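Quick caveat, the model's predicted, so the values are computed rather than measured.
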Amino acid sequence: MMMANSAFFQLSPTFPLNNDSSIRRPLFKVHNISFCDKSWVSVSPLDLKTKNARSKNQYVVCMSVQQASKQKVAVSPLVLEDAKDPPLNLYKPKEPYTATIISVERLVGPKAPGETCHIMIDHGGNVPYWEGQSYGVIPPGENPKKPGAPHNVRLYSIASTRYGDFFDGKTASLCVRRAVYYDPETGKEDSSKKGVCSNFLCDSKPGDKIQITGPSGKIMLLPEDDPNATHIMIATGTGVAPFRGYLRRMFMESVPTFKFGGLAWLFLGVANGDSLLYDDEFTKYLQEYPDKFRYDRALSREQKNKAGAKMYVQDKIEEYSDEIFKLLDTGAHIYFCGLKGMMPGIQDTLKRVAEQRGENWEEKLSQLKKNKQWHVEVY
């Protein structure tokens, strides 16, 4: 990894790591420090594997993103900037690439419903990608619906820039929520119905092998023809993955061919404060680039909308609807990523706001799509 020469770092307190719910930390939220943002630490993959060996008496020294300097981080190899078109489907399901798990870190705190993990993968520079693309993952085992055949490919948005979390172009990171099923009658977890791929990823250990395909996708690529453009990003849960890649490219990495001078505005909807993902990174950008970055959170179990009901991401959008519409009218790009159930509520809100402004939403949406300002990736 290459790092800014004059960066000044300060270590945060150590803490015993027994299990996810018993982490003790006097100064920071669970999910803000358990991630240990590797991007700001000079460490090799081998060192990281050693640090991630989980044992009862292990102590982990983490560095908070908030304590890193504003100096941007140098990246390599810069040849990754040379391609005119994004890499697409370099590896296909019948001939996937065998990569290696570097680390698996729990991102959320104990009060978050469910578990979400940050999974770093070593692809050795052999499966390059651009921000906004996805990898396919083939979990080990046999497809129960096709005896003798492998599992189907599951797509995951990549949560890092093309340079990865070590800034050397050899890793990629995924943001994965463990899919579990609870029996509605007993209230107990039914392991026979758990998500095969998400559980494989969240249970992986450093050194484990993983079959990946791709990269795939063009709809969520970050347009860089205008470095002063406005980008409005709307995410629910793990849908924040591609936006983490965008923002690291804009505000963390020193890329000679891309100097961001526009506005990036992130709306993130999750259940509660313990469910926030990469909040330390986003908060850091907010502190250091207040004129270029805005960050609004919708916490459905902790906040109320103007009607006194739960606060969802579409409610946050409505709060700033006039400003958002004006930005769209001047060419802003708007992105949506997350569960497909997020879109009906968002679309209804945008339609209602458009009508209040005396506009026809269907016509406006058609124009946004025609202008390539409208980007949607839901699952």
Please check if atom [atom1] in [X] has more than 12 non-hydrogen atoms from other residues, nucleotides or ligands closer than 6.0 Å.
X: Arg352; atom1: CZ; answer: yes
X: Lys316; atom1: NZ; answer: yes
X: Lys111; atom1: NZ; answer: no
X: Lys259; atom1: NZ; answer: yes

**Item:** Row check, Tyr163 ring normal vs Arg248 NZ/CZ: under 6.0 Å, within 45°
**Value:**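 No.
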Would you please indicate if the ring centroids of [X] and [Y] are separated by under 6.0 Å?
X: Tyr295; Y: Tyr285; answer: no
X: Phe243; Y: His231; answer: no
X: Phe336; Y: Trp374; answer: yes

**Tyr278 and His118 side chains, donor-acceptor separation under 3.5 Å** =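 Yes, side-chain donor-acceptor contact under 3.5 Å.
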[X] with [Y]: basic N within carboxylate O range, under 4.0 Å:
X: Lys326; Y: Glu323; result: no
X: Asp85; Y: Lys218; result: no
X: Lys72; Y: Glu253; result: no
X: Lys364; Y: Asp329; result: yes

**Request:** Answer yes or no: is there a donor N or O on one side and an acceptor on the other, between the side chain of Gln373 and the main chain of Leu328, under 3.5 Å?
**Result:**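 A pair under 3.5 Å: yes.
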**Option from Tyr320, Phe293, Tyr246 for which ring-ring contact (aromatic ring centres under 6.0 Å, His included) with Trp265 holds** = Tyr320
**Message:** Would you compute the distance between atom CG of Leu201 and atom CD1 of Ile119 and round it to the nearest 0.5 angstrom?
**Reply:** 4.5 Å
